Every structure is written in C-alpha cells, then in structure tokens.
Amino acid sequence: MRANKLKELFAKNQVALGAWMGFSSSFAAEVMGHSDMDAVVVDLQHGPLYLDAALPMLQAISATPAMPMVRVALNQFFEINKVLDAGAYGVICPLVNNAKDAESFVSACRYPPQGTRSFGPSRGVLYGGPDYFAHANESILKLAMIETLAGMKNLDSILKVDGIDGVFIGPGDLSLALGLPPSPNYKDGPLKAALAKIYKAARKHKKMVGIFCTSLEFSEDMKRLGYDFIVLANDAYLLRNITTQWAKAIRQA
Ligand code: 3PY
Ligand code: MG
C-alpha cells in the first residue's frame, strides 16, 4: 500500500503542511496540491461543500504530490466510510469530546476485527494499491479534533484510544468554548495555555498534534512551538488575503 506521507514525516520528526479546501472545485484542489503542500484537506464541515463534490477533488489531489484528506462534517459512520472508500488517506473528525467519540471514529476507519468499517474501498484501492485491505487499518491517518471544553477535559483519554494517530486543534471553536471571540488570540490568555496543554499531552502520548492556523504568523509560531501538522488557513482566506495585499501594494506603488 502507498505510504502515508504524514505518518512518514511524523516518524522522521518533520513538520507537515496542509491546505484546506472550502471551494467546491477539483481544479482549486489540484492547484493546492501542486503548491508544496504535504496534504490537501477537503472540508465537509464548513463552507459549501457536500459529499458529492469530494470525489473529483480527491481524484485531483491524487494527481499531485500532496496526500488527500477529508475533514468530515460529523462523527458519522456512513460519511467516514464513504470518504475512505473515495480515497481519503487521512480523516479529521470534528468535535471529539471524549474517548467514546474517539473510539467510534477510529472504529469507522478500521476493518474488523479492530473496527467496523464495511468493505468496499472502490477508489481507496486505486490510490492505495492492491494490498489496500491488508494495510488500511494501520495506514489511514485518524486525527481527532479538540475544540470543546469536554475535549480539553478528556484530552488524555482521547489520546490513549487505540488507533488515534493524534489530535487536531480547531482554534475558532476552542476560543468560543473558552469564552473568547472566535478569531483566535493564541499569543496570550486561555487559548495560549490550551495550545500548550494540548501540545504537551500529545507529546506525552507520542502522538501527532496539528492545528488550523489563521495567518502566516500564526503558522510560523506553531511550527516554532513544535506542532507536527500545520494547516495554512483555507483557500478563500489565502486567495482574499494575497489578492488584498497585492492590491494594496499596487495602489501604493
Ligand atoms: C475551528 O477553528 O474550530 C476549526 O474547526 C477550523 O476549521
Ligand atoms: Mg471547529
């Protein structure tokens, strides 16, 4: 089976960078996959994308050096099965609150006897290779999102769940949970403390820790802090941000 790029980087103690797609466009996903990204994540939770749009995007990402991933809308067996069968090599599950949520997420990602995934990896086998079944349970990356107070409280038990590869921070929801505005202030106060706590817990359990960043500075700071998987905001943000910066510079020229 094709190696999981993010797991390989993590094993070598190297940072992985990810793009995050809200545009329902296989071309945009392909462009991101050719932009020095280690992974491109199709986001089914926020933005206008529905499951049908994910297949052509995963196909497009597969034609690039980046690894295809999906953030599912919810911790649901059917959707997790569908995106894996469509060739996702990693799944990010939102709003994981406790070990039971994490167990049910991992179970949907693994074939029996370890899990309950149903067999039919129509496109997974094309991307993964003919021995997909023998290695999929181990090779698919499974990241649980920590973005609620319950998730924070149960961090250790979530990280202990067999098959969970790591945690991924949603700083917007986590800020809301901490009583802060959703635009994350990671430099001081309760969010800073939460990010440090999550990092420490992940290291203790020798598991990956990733985060969705909302600016270049935020991404650089998370890399300096030692985070393993850094997502550079989303497609709409990057496009708008870079276009606005260029416009400002040109107008001032
Ligand atoms: C959050 O910031 O809450 C996220 O889920 C990132 O998309
Ligand atoms: Mg969130």
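Whatever order the structure lists them in is the order used to number ligands and atoms, beginning at 1. The shown structure was predicted, so the numbers you read here are calculated from the model rather than taken from an experiment.
Heavy-atom minimum distance, Tyr132 versus Arg117: OH-NH1, 2.9 Å. Listed here is the closest heavy atom pair of Leu6 and Met208: O-CE, 3.6 Å.
Phe168 has its ring centre less than 6.0 Å from the ring centre of Trp20.
Of the candidates Gly22, Gly47, Gly172, Gly172 brings a heavy atom nearest to atom 2 (O) of ligand 1.
Side-chain polar atoms of Arg110 and Thr116 form no donor-acceptor pair below 3.5 angstrom. Asn241 and Gln245 share a side-chain donor-acceptor pair at under 3.5 Å.
Of all the N, O or S atoms in Asp173, the one closest to the Mg ion (ligand 2) is OD2. With respect to the Mg ion (ligand 2), Glu147 has OE1 as its nearest N, O or S atom.
Of the polar atoms of Pro171, at least one N or O is found under 3.5 Å from an N or O of ligand 1, judged by distance alone. Inclusion of Trp20 in the set of residues having an N or O under 3.5 Å from an N or O of ligand 1 is not warranted. At a 3.5 angstrom cut-off on N or O pairs, Arg71 counts as close to ligand 1.
For Met145, every heavy-atom contact with ligand 1 shorter than 4.0 Å involves the side chain, none the backbone.
Listed by number with element, the atoms of ligand 1 under 4.0 angstrom from any heavy atom of Asp173 are 1 (C), 2 (O), 3 (O).
Of the protein's non-hydrogen atoms, the one nearest atom 4 (C) of ligand 1 is Gly170 CA, 3.6 Å.
With a 6.0 Å radius and a threshold of 12 heavy atoms from other residues, nucleotides or ligands, Arg240 has its CZ atom at or below the threshold.
Remark: distances from the non-hydrogen atoms of Glu147 to ligand 1 include one below 4.0 Å.
Each of Val15, Asp221, Leu195 was scored for a side chain to side chain contact (heavy atoms under 4.5 Å, CB included) with Tyr227, with one residue passing: Leu195.
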